[in-house]
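One is the number of the first residue; the rest follow in order along the sequence. Every value quoted in this text rests on a predicted model; they were computed, and no experiment measured them.
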Amino acid sequence: MTSSSAASRKALSKIACNRLQKELVEWQVNPPAGFKHKVTDNLQRWVIEVNGASGTLYANETYQLQVDFPEHYPMEAPQVIFIPPAPLHPHIYSNGHICLDILYDSWSPAMTASSICISILSMLSSSTVKQRPADNDRYVKNCRNGRSPKETRWWFHDDKV
């Protein structure tokens with residue numbers, strides 16, 4: 001998230017705070033395999049270390065996700081991006097934006113930070129090629145000035161990777 005969008009971010013609702021505190025405790029007790037929450041004092045922004053699964057194109061590689069929770073989480077999906085450098089993947093743009101339906105149109109309040117991480121790791125693990133999306137340069141150029149991936153009208157057409 002850029003500084004301009006961070007400044008406009010509203011404080012978490014009581015429901016969101018309670019839910020995130022519960023998720024954080026569950027994460028500490030039972031963290032998803034391949035992920036590490038980097039502890040900060042900011043409940044609204046999580047930085048999560050992602051380790052590529054063994055036996056995949058991303059084995060022995062480490063990336064960082066930034067998860068920004070909105071005021072009305074879990075009724076509204078968090079913004080999830082890779083902190084550059086982002087992995088080379090057909091659904092991950094060089095600016096860290098991720099084309100994954102559960103982050104947008106298919107979001108459900110039943111999902112958690114852990115389930116998002118598992119979905120992202122699954123997406124990485126199923127990839128057979130390391131390459132950027134075909135429209136990477138155009139998309140990244142259009143995202144300058146801090147545009148959020150949640151402002152994008154994604155077209156989910158490829159469930160192979």
Side-chain angles (χ1 to χ4, degrees), residues 1-2 5-6 9-130 133 148-152 154-161:
M1 185 178 266
T2 64
S5 54
R9 185 172 56 194
K10 293 183 179 174
L12 293 171
S13 67
K14 181 150 180 62
I15 291 170
C17 272
N18 290 342
R19 168 70 179 264
L20 284 170
Q21 288 169 341
K22 182 179 175 184
E23 285 190 39
L24 190 54
V25 167
E26 175 61 27
W27 185 295
Q28 291 165 339
V29 171
N30 186 25
F35 297 92
K36 180 181 178 189
H37 176 257
K38 297 180 115 185
V39 180
T40 69
D41 60 357
N42 187 347
L43 188 61
Q44 198 164 2
R45 173 174 285 171
W46 291 16
V47 175
I48 299 170
E49 190 174 277
V50 183
N51 294 306
S54 61
T56 72
L57 294 175
Y58 303 93
N60 302 316
E61 294 182 13
T62 302
Y63 301 97
Q64 289 188 57
L65 287 173
Q66 178 176 296
V67 184
D68 288 299
F69 296 96
E71 175 187 15
H72 297 294
Y73 179 80
M75 300 312 292
E76 182 185 338
Q79 175 179 283
V80 182
I81 62 169
F82 277 97
I83 298 171
L88 279 171
H89 187 280
H91 297 302
I92 302 171
Y93 291 84
S94 59
N95 63 357
H97 292 192
I98 305 165
C99 181
L100 181 62
D101 62 348
I102 65 160
L103 300 177
Y104 311 102
D105 300 348
S106 297
W107 173 255
S108 163
M111 294 179 187
T112 64
S114 289
S115 66
I116 292 168
C117 288
I118 291 165
S119 293
I120 290 171
L121 187 59
S122 176
M123 182 182 80
L124 285 173
S125 297
S126 65
S127 184
T128 58
V129 295
K130 280 184 150 181
S148 163
K150 293 176 85 173
E151 296 172 35
T152 298
W154 296 101
W155 180 40
F156 305 108
H157 60 90
D158 179 9
D159 60 359
K160 293 185 293 268
V161 292

Sequence neighbours excluded, which residues qualify as side-chain contact (heavy atoms from CB on, under 4.5 Å) partners of [X]?
| X | value |
| --- | --- |
| Pro133 | Tyr93, Asp135, Asn136 |
| Ser115 | Met111, Thr112 |
| Glu26 | Asn30 |

Whether the side chain of [X] engages the backbone of [Y] through a donor-acceptor N/O pair (distance < 3.5 Å, no angle test) should be reported.
| X | Y | result |
| --- | --- | --- |
| Trp107 | Pro78 | no |
| Ser54 | Ala59 | no |
| Glu23 | Ala113 | yes |

In Å, rounded to the nearest 0.5 Å, how long is the span from [atom1] of [X] to [atom2] of [Y]?
| X | Y | atom1 | atom2 | result |
| --- | --- | --- | --- | --- |
| Ser108 | Met75 | OG | CE | 8.5 Å |
| Thr128 | Leu57 | OG1 | CG | 7.0 Å |
| Met123 | Cys99 | CE | SG | 8.5 Å |
| Ile120 | Leu65 | CD1 | CG | 4.5 Å |
| Gln79 | His97 | CD | NE2 | 6.5 Å |
| Ile83 | Ile48 | CD1 | CD1 | 10.0 Å |

- Between Thr40 and Arg45, is a side chain to side chain contact (heavy atoms under 4.5 Å, CB included) present by the stated rule, with each step listed? CA-CA 9 Å; Thr40 69; Arg45 173 174 285 171; over 6 Å; no
Which heavy atom of [X] sits nearest to which heavy atom of [Y], and what is that distance?
| X | Y | value |
| --- | --- | --- |
| Asn42 | Gln44 | OD1-N, 2.9 Å |
| Ser125 | Ala53 | OG-CB, 3.6 Å |
| Lys10 | Glu71 | CD-OE1, 3.2 Å |

May I ask you to test the [X]-[Y] pair for a side-chain heavy-atom distance under 4.5 Å?
| X | Y | answer |
| --- | --- | --- |
| Trp27 | Pro32 | yes |
| Asn18 | Lys22 | no |
| Ile116 | Leu100 | no |
| Val50 | Phe35 | yes |
| Leu103 | Ile98 | yes |
| Tyr58 | Ser127 | yes |
| Trp46 | Cys117 | no |
| Thr56 | Leu124 | no |

- Query: Just wondering, are more than 12 heavy atoms of other shown residues or ligands nearer than 6.0 Å to CG in Leu43?
  - Reply: yes
- What orientation do Tyr73 and Phe69 show, parallel under 30°, tilted 30 to 60°, or perpendicular over 60°?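 Correct class here is perpendicular.
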